[in-house]
Number of protein chains: 2
Amino acid sequence: MTDLLAQRDSWQNSNCSIARAVEVVGNRSTLLLLREASFGTRRFDDFARRVGISEPVAAARLKQLVADGLLERRPYREPGQRTRDEYQLTRKGQELLPALTALRQWGDAWAADDAGPSVRVEHQDCGAAVHARLRCDAGHDVPPAEIDVRPGPGLLPA
Amino acid sequence: MTDLLAQRDSWQNSNCSIARAVEVVGNRSTLLLLREASFGTRRFDDFARRVGISEPVAAARLKQLVADGLLERRPYREPGQRTRDEYQLTRKGQELLPALTALRQWGDAWAADDAGPSVRVEHQDCGAAVHARLRCDAGHDVPPAEIDVRPGPGLLPA
DNA sequence: TAGCTGACTTTTGGTTTCCTAAGTCAGCCG
DNA sequence: CGGCTGACTTAGGAAACCAAAAGTCAGCTA
């Protein structure tokens, strides 16, 4: 671990996946927009209203999310309505759901209000509640206290 | 789902666990400081240098993290050195590790550079790689596409 | 006791972020 | 064709955030 600590100064943030993820989703409105997208929100003004941000901010963030490939913009039309654009999660965006779920879980546990969780996440197939968990390749559930950080291939000198 | 969508306007962000979690950790430097804490960084200037933020910002964020109960500040002393303060993850802070792990995993998958992941997270007991996963109470692994969001107790009218 | 070091705080000034309010534009509806 | 609505964009200003440089303070160490 000391080795790792000593080397870590060299990469700092440039070669850190967390830093790169945070670069994309590391602000309030982006995470909340992704939450909305995962709940099925599709329309521009629903995003803005439900997230509680102004239209200019919603427009800018959504545009950025599309540019980053987390959302896809596609035309759709409801009967009797004109064509509109909807925003839908791409696979890249969907794969942030574990992170989002872990955050919600933490919020439920540590920052909940009296009313209890406002949403329940279920497995479509069986209806059971879904949780974010850490698990190792040997199949163990791993409590946060039992994880160990080691240098990876990107850190070791070539 | 339509029911849920209709009701969702009423709670917006006030009663959302994700929003509350984001309130605490929803910015770049806070997440990165927690990453450092999980790597074992303890001292003030190591935090600042490794995260790549200035000292005033580090001081403010660390203070906020202590106030929010994610970090604990405690005196410690290395042999031959004077007493110093270290910052250590509390249980509340530790339980954010699944979220942090999920973010890293996403970054590794979608925003990695050529060198590969810079850290490897292992299960202390067995050395196997640790991943963040979604799982339901029935024991199934749940891919992001198979989750279903329903209103929870905090959303339903009393 | 004078110096040094770690851990801050203060000050200054620039950049980013956000909101409000108002304007634009396209297409269905009457 | 004229109004309306959804989806934005523009303009203007307040607030938050940030880095750099300098100052403070406490307690070893010489």
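From a predicted model like this one, the values you see are computed outputs, not experimental measurements. Just so it is clear: chains get the letters A, B, ... in the order the sequence lines come, proteins before strands, and each one is counted from 1.
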No-hydrogen, no-angle side-chain donor-acceptor test under 3.5 Å, Asp137(B) and His131(A): yes
Which part of the nucleic acid, if any, lies within contact of Tyr87(B), taking any heavy atom under 4.0 Å across all strands shown: a base, the sugar-phosphate backbone alone, or nothing? sugar-phosphate
Starting at atom CG of Asp46(B), determine the distance to atom P of dG6(C), rounded to an integer number of angstrom. 10 Å
One character per nucleotide, please: for nucleotides 15-27 of chain C, 5' to 3', B when the base has a protein heavy atom closer than 4.0 Å, S when only the sugar-phosphate does, - otherwise. ---SBBB----BB
Can you tell me how far P of dG6(C) sits from CD of Glu86(B), to the nearest Å? 16 Å
For Ala132(B), check side chain to side chain contact (heavy atoms under 4.5 Å, CB included) against everything at least two apart and list the hits. Leu134(A), Thr101(B), Ala102(B), Gln105(B)
Between atom CZ in Arg49(B) and atom C1' in dA7(C), what is the gap in whole Å? 14 Å
Report the distance from atom CZ of Arg42(B) to atom P of dG6(C), rounded to the nearest whole Å. 14 Å
Measuring from the side chain of Ala59(B) (C-beta onward, heavy atoms only), which nucleotide among dT9(C), dG6(D), dC8(D) has the closest atom? dT9(C)
Given dT9(C), is OP1 or OP2 found less than 4.0 Å from the side-chain N or O atoms of Lys63(B)? yes
Going by the rule side-chain hydrogen bond (donor to acceptor under 3.5 Å, both in side chains), which residues pair with Asp125(B) if we only count those two or more places apart in sequence or in a different chain? none
Write down the distance between CZ (Phe44(A)) and C1' (dT5(D)), rounded to a whole number of angstrom. 14 Å
Show every ring-ring contact (aromatic ring centres under 6.0 Å, His included) that has at least one partner inside residues 49-68 of chain B, sequence neighbours left out. none
Any side-chain donor paired with an acceptor under 3.5 Å for Asp108(B) and Ser17(A)? yes
Asn27(B): which residues meet the side chain to side chain contact (heavy atoms under 4.5 Å, CB included) condition with it, sequence neighbours left out? Ser29(B), Thr30(B), Arg61(B)
Between dC18(D) (P) and Gln64(B) (CD): distance, integer Å: 13 Å
Rounded distance (Å) that lies between atom C1' of dG6(C) and atom CZ of Phe47(B): 15 Å
Return the value, rounded to whole Å, for the distance between atom CG of Leu71(A) and atom P of dA7(D). 15 Å
Taking side-chain hydrogen bond (donor to acceptor under 3.5 Å, both in side chains) as the test, write out the residues that go with Asp45(B), two or more places apart. none
